[in-house]
Amino acid sequence: MSHCYALSNAAPPATSDTEIEITADLVRDLLQEQHPDLAGLAIREVAGGWGNQMWRLGDELAVRMQRMDPTPEHQLKERQWLPVLAPRLPLPVPTPVRFGEPSKRFPKHWTVMTWVDGEPLDHGSISRGDHAADTLAGFLQALHVEAPAEAPIAADRGAHPRNCTDGFENFLQAVALDDIVADVRAVWDDAAAAPAWQGPPVWVHGDLHPANVVVSDGTLSGIVDFGDMFAGDPAWDLAAAWVLLPAGTASRFFDTYAHADEGAIRRARGLAAMKSLFLILMGRNGDRGLPGGKPHWGPLGRAGLDRVLKGA
């Protein structure tokens, strides 16, 4: 398969009648069984999450429960690689500290991780745009180093934009933004025509959108959810210059990052258009009451798309 942003990302699977309801009592029971020294800490649910559900555990930890993800691949990837990456990253990231294994009580994986303080950007805002641009650029500089041969490859993202055109067109048609279709498609066509990444595969977060970064004091303060990380083209992360940062700060971001050539910037801009369309579609799903939909993501996606079209 081509490693693209699949339309299925915006069409969550139907829930089964046997889906286990995850409650604070269940989380405490699992801790009592497998990590009893943590079972006395306060447990409270964290809003959001679809593939995995998060629960705060005391002040410094969180429990990540496999929910709708059909396989534990994302959690197992984070368990293996975040301890390797975290020490050299300049922003806090969730780091696994205990493993929860499938049991009769809960037949899926769960992981106790460090808690990253801050407010998710999809519920917050960035007011210090230049600071956030420099912070994101510094983080991605540190992340985007050559990955080892055994690093994971992309499951549904990572390809050159030219190989993702079908998915892009599906998103574009699904959101029906008639007034700007031609302009958005022109950005995509330019990305599809850009040269391919010529360097070695580097570590890529793979899913930088407003729900996967946290902010405090008006700027970026942490990066979460590394379940889609892979080794490949850094343009998939550089798209965040438009998806996450305020208008007018993308050029500063690329100046500070300093390693993106013209081709990478063109690919990143097209990928930012596709990711913004995805956010809009998830917003539409939320407006329609579909499982996993996020009504508040629609305006975030449209704002991102506007930044993409301005290019700055």
Side-chain angles (χ1 to χ4, degrees), residues 1-10 121 133 136-137 139-140 143-144 153-175 177 180-181 183-199 201-213 223 225-226 228-245 247 249-251 253-254 257 259-282 297 300-312:
M1 64 178 291
S2 66
H3 303 313
C4 297
Y5 219 61
L7 189 61
S8 59
N9 282 324
L121 180 56
L136 181 62
F139 177 84
L140 292 180
L143 177 64
H144 290 167
I153 59 172
D156 70 341
R157 60 203 75 205
H160 191 289
R162 75 170 71 96
N163 298 322
C164 300
T165 296
D166 287 349
F168 166 80
E169 285 291 341
N170 286 338
F171 283 139
L172 188 61
Q173 291 169 25
V175 300
L177 301 170
I180 57 171
V181 164
D183 294 335
V184 175
R185 189 173 281 123
V187 169
W188 182 261
D189 289 345
D190 183 62
W197 170 246
Q198 297 297 324
V202 300
W203 280 112
V204 179
H205 178 283
D207 200 23
L208 290 176
H209 63 67
N212 287 343
V213 300
I223 309 290
D225 197 345
F226 282 74
D228 284 306
M229 74 176 114
F230 63 88
D233 179 2
W236 281 79
D237 282 351
L238 300 178
W242 296 279
V243 177
L244 298 180
L245 296 175
T249 57
S251 57
F253 164 83
F254 283 109
Y257 179 80
H259 298 308
D261 60 19
E262 181 201 8
I265 295 172
R266 290 165 63 193
R267 294 192 308 278
R269 191 171 169 222
L271 292 167
M274 182 165 66
K275 289 167 182 263
S276 297
L277 291 171
F278 166 75
L279 292 173
I280 295 170
L281 186 53
M282 289 293 285
W297 283 14
L300 299 175
R302 183 58 199 253
L305 206 52
D306 289 343
R307 294 190 291 266
V308 166
L309 294 178
K310 288 174 182 163

- Message: Quick check: do R157 and C164 have side-chain heavy atoms less than 4.5 Å from each other?
- Response: no
- Task: Measure across L143 and H205 and return the closest heavy-atom pair with its distance rounded to 0.1 Å.
- Result: CD2-N, 3.6 Å
- Message: Strictly distance-based, threshold 3.5 Å: is any side-chain N or O of D237 a donor or acceptor partner for the main-chain N or O of V204?
- Response: no
- Query: Looking only at heavy atoms, which two atoms of A194 and G263 are closest? And how far apart?
  - Reply: CB-O, 3.8 Å
- Task: Please check if the distance between the ring centroids of Y257 and H144 is under 6.0 Å.
- Result: yes
- Apply side-chain contact (heavy atoms from CB on, under 4.5 Å) to the pair L271 and W236, showing each step before the final yes or no. CA-CA 7 Å; L271 292 167; W236 281 79; 3.6 Å; yes
- Test ring pair (Phe, Tyr, Trp, His ring centres under 6.0 Å) applied to H160 - qualifying residues, sequence neighbours left out: none
- Item | Distance, nearest 0.5 Å, that separates OG1 of T165 from CG of N170 | 11.0 Å
- Message: As an exercise, state the distance from CG of L208 to CZ of F139, rounded to the nearest 0.5 Å.
- Response: 7.0 Å
- Would a distance-only check, ignoring hydrogens and angles, find a side-chain to backbone donor-acceptor pair under 3.5 Å from W188 to R162? no
- Report yes if the distance between the aromatic ring centroids of H209 and W297 is under 6.0 Å, otherwise no. yes
- Message: I need the F168 CZ to K275 NZ distance, nearest 0.5 Å.
- Response: 14.5 Å
- Message: Ring centroids only, cut at 6.0 angstrom: are F254 and W242 within range, meaning strictly under it?
- Response: yes
- Message: Check whether R267 reaches the backbone of D190 with its side chain - one donor and one acceptor, N or O, closer than 3.5 Å.
- Response: no
- Message: Could you measure the distance from the CG atom of L177 to the CG atom of L305? Nearest 0.5 Å is fine.
- Response: 6.5 Å
- Provide the closest heavy-atom pair for P210 versus L244 in the form atom of the first, atom of the second, distance. N-CD2, 3.6 Å
- Note on the structure: What one should report as the nearest heavy-atom pair of A154 and F230 is N-CB, 3.6 Å
- Is there a donor-acceptor pair under 3.5 Å between the side chain of S276 and the backbone N or O of A272? yes
- Note on the structure: The reported gap from CG in D306 to CD1 in I180 (rounded to nearest 0.5 angstrom) is 6.5 Å
- Task: Test side-chain contact (heavy atoms from CB on, under 4.5 Å) on M274 and F278 and set out the steps.
- Result: CA-CA 6 Å; M274 182 165 66; F278 166 75; 5.9 Å; no
- I265 vs L238 side-chain heavy atoms within contact, under 4.5 Å: no
- Query: Any sub-3.5 Å donor-acceptor pair from R302's side-chain atoms to I280's backbone N or O?
  - Reply: no
- Please step through side-chain contact (heavy atoms from CB on, under 4.5 Å) for the pair V202 and D233, ending with a clear verdict. CA-CA 7 Å; V202 300; D233 179 2; over 6 Å; no
- Query: Does the pair L279 and V243 meet the rule for a side-chain contact (heavy atoms from CB on, under 4.5 Å), with working shown?
  - Reply: CA-CA 10 Å; L279 292 173; V243 177; 4.1 Å; yes
- Query: Has the side chain of R269 got a donor or acceptor atom that lies under 3.5 Å from a matching backbone atom of A191?
  - Reply: no
- Task: Determine the minimum heavy-atom distance between F253 and A241, stating which atoms define it.
- Result: CD2-CB, 3.5 Å
- Item | Whether D228 side chain and D207 backbone form a donor-acceptor pair below 3.5 Å | no
